[in-house]
Amino acid sequence: MSLAIGDVHGAATLEEFRVVMQATIDAIAAEYRLPGQKMHVLSEYDPAECVLVTRPAAPGPPVWSAEGVAAEGDLDGEPTGVPERAADEVAALPRILEQLESDLRRAAQQAEEALDHFLEPRGLLALADPDWLTDAGCGLRPWLADLQAAVRQGRTVDALIGARAWHQYAARAAQEVERLLEANSAPETHFRELRSRLRLYRAKAGQLGFLESAPLSELHTAARAALQDRPVDLDAAEQRIAEYARALSAPR
């Protein structure tokens with residue numbers, strides 16, 4: 001089972017490894033926080049899980065075991081089909097890792113663009129440990145390298161167990177990366193919504209014959225200017241647009 005948790009801590013179950021490492025985790029967690037950054041920390045790095053987590057209640061060990069794999073095949077010899085299955089499952093993992101890396105780069109770019117384009121954007125997220133994919137021993141990339149080496153060495157049962165555990169943790173990591181993407185794209189999404197809202201109100205003013213109204217034109221100009229400022233104050237822009245909408249709907 002050691003390969004399923006990184007192949008660097010000897011033969012131990014995840015639960016045993018977690019108990020040993022928990023005190024160390026609590027001591028080093030603060031080192032991965034970024035209190036000076038404008039972006040909030042999404043999560044802490046947890047070496048016991050070898051994966052990005054938000055520190056929920058600790059899950060149990062992986063459901064896969066050597067016994068479970070063997071039960072699917074020939075108990076008197078090597079499990080039927082294990083070499084092919086192990087090679088296929090491990091071969092599929094690099095594409096998952098590449099997608100994670102691509103999504104992380106995109107999320108980081110979104111955050112940087114939001115900080116450049118908007119005034120004090122709220123809700124941006126950053127990784128507590130930006131090197132969690134490549135960290136020696138616990139990162140998904142070196143773990144993948146161990147699995148690939150196991151396949152080459154003929155350790156197919158270990159490789160199959162480890163590949164399924166790797167895939168499970170990578171799926172959890174992908175959920176957290178999706179949170180990054182959603183949070184860091186929110187300011188730009190809100191900006192576009194405000195711009196569309198102002199256009200709709202302007203079109204409504206035209207339909208009502210109010211385009212020549214001086215008070216309404218002043219309010220529209222102020223709202224449009226708020227959206228054109230750099231950096232954009234989204235709260236101020238939303239307030240200007242709301243003032244324009246109220247004036248447009250006022251009885252005459």
Side-chain angles (χ1 to χ4, degrees), residues 32-44 51-56 95-130 132-133 170-252:
Y32 298 102
R33 295 190 177 278
L34 305 173
Q37 298 288 330
K38 295 182 180 178
M39 295 179 286
H40 304 298
V41 172
L42 171 64
S43 66
E44 293 177 354
V51 72
L52 170 70
V53 294
T54 52
R55 299 182 70 80
R95 184 167 53 185
I96 297 172
L97 184 58
E98 289 169 4
Q99 185 63 54
L100 280 172
E101 291 172 331
S102 175
D103 288 344
L104 280 173
R105 289 192 296 269
R106 183 155 57 98
Q109 182 178 358
Q110 287 173 337
E112 291 300 324
E113 290 175 352
L115 290 170
D116 287 340
H117 296 168
F118 304 108
L119 181 64
E120 298 182 357
R122 294 188 295 271
L124 299 181
L125 296 176
L127 294 178
D129 175 21
W132 65 274
L133 283 177
R172 290 172 54 197
Q175 292 177 344
E176 301 305 326
V177 173
E178 184 63 29
R179 287 181 57 201
L180 278 173
L181 290 168
E182 182 178 353
N184 293 349
S185 64
E188 179 65 25
T189 299
H190 187 38
F191 171 75
R192 294 183 181 184
E193 290 172 349
L194 291 176
R195 189 171 56 186
S196 296
R197 195 183 307 171
L198 181 60
R199 289 171 178 168
L200 288 174
Y201 290 144
R202 182 64 169 171
K204 180 180 178 181
Q207 294 170 357
L208 296 174
F210 295 155
L211 289 180
E212 302 303 323
S213 168
L216 282 175
S217 293
E218 291 177 1
L219 289 172
H220 176 265
T221 299
R224 185 175 60 184
L227 290 173
Q228 292 174 342
D229 283 344
R230 288 295 181 272
V232 179
D233 186 334
L234 291 172
D235 291 336
E238 187 165 18
Q239 183 177 348
R240 299 289 88 77
I241 292 171
E243 290 171 353
Y244 180 57
R246 284 194 298 269
L248 185 59
S249 301
R252 286 171 175 79

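As the structure is a computational prediction, the values presented were derived from the model and not from experiment.
Proximity of a side-chain donor or acceptor of Asn184 to a complementary backbone N or O of Gln110 within less than 3.5 Å is not detected. Side chain of Ser102 to backbone of Glu98: no donor-acceptor contact under 3.5 angstrom is found. Of the possible polar contacts, none joining the Ser217 side chain to the Glu212 backbone as a donor-acceptor pair under 3.5 Å is found. Under a 3.5 Å cut-off, the side chain of Ser185 and the backbone N or O of Glu182 do form a donor-acceptor pair.
Here the shortest heavy-atom pairing between Glu243 and Leu219 reads O-CD1, 4.0 Å. Between Phe210 and Leu248, the shortest heavy-atom contact is CD1-CD1, 3.8 Å. Of all non-hydrogen atoms in Leu227 and Ala237, the two that sit nearest each other are CD2-CB, 3.7 Å.
Open room surrounds CD on Glu120; 12 or fewer heavy atoms of other groups in view lie less than 6.0 Å from it.
Counting heavy atoms from C-beta outward, Leu124 and Pro187 have side chains that approach closer than 4.5 Å. Side-chain contact check for Pro121 versus Leu234: every heavy-atom pair is 4.5 Å or farther apart.
Salt bridge present: Glu188 and Arg192 bring a charged side-chain N and a carboxylate O closer than 4.0 Å. Using a 4.0 Å cut-off between charged nitrogen and carboxylate oxygen, Glu176 and Arg179 count as a salt-bridge pair. Salt-bridge annotation for Arg240 and Asp233: absent, with no side-chain N of the basic residue lying under 4.0 Å from a carboxylate O of the acidic one.
Atom CZ of residue Arg195 and atom CZ of residue Arg224 lie 13.5 Å apart, to the nearest 0.5 angstrom. The structure places CG of Leu180 at 11.0 Å from CZ of Arg106, a figure rounded to the nearest 0.5 Å.
Side-chain atoms of Gln239 and Asp235 include no donor-acceptor pair closer than 3.5 Å.
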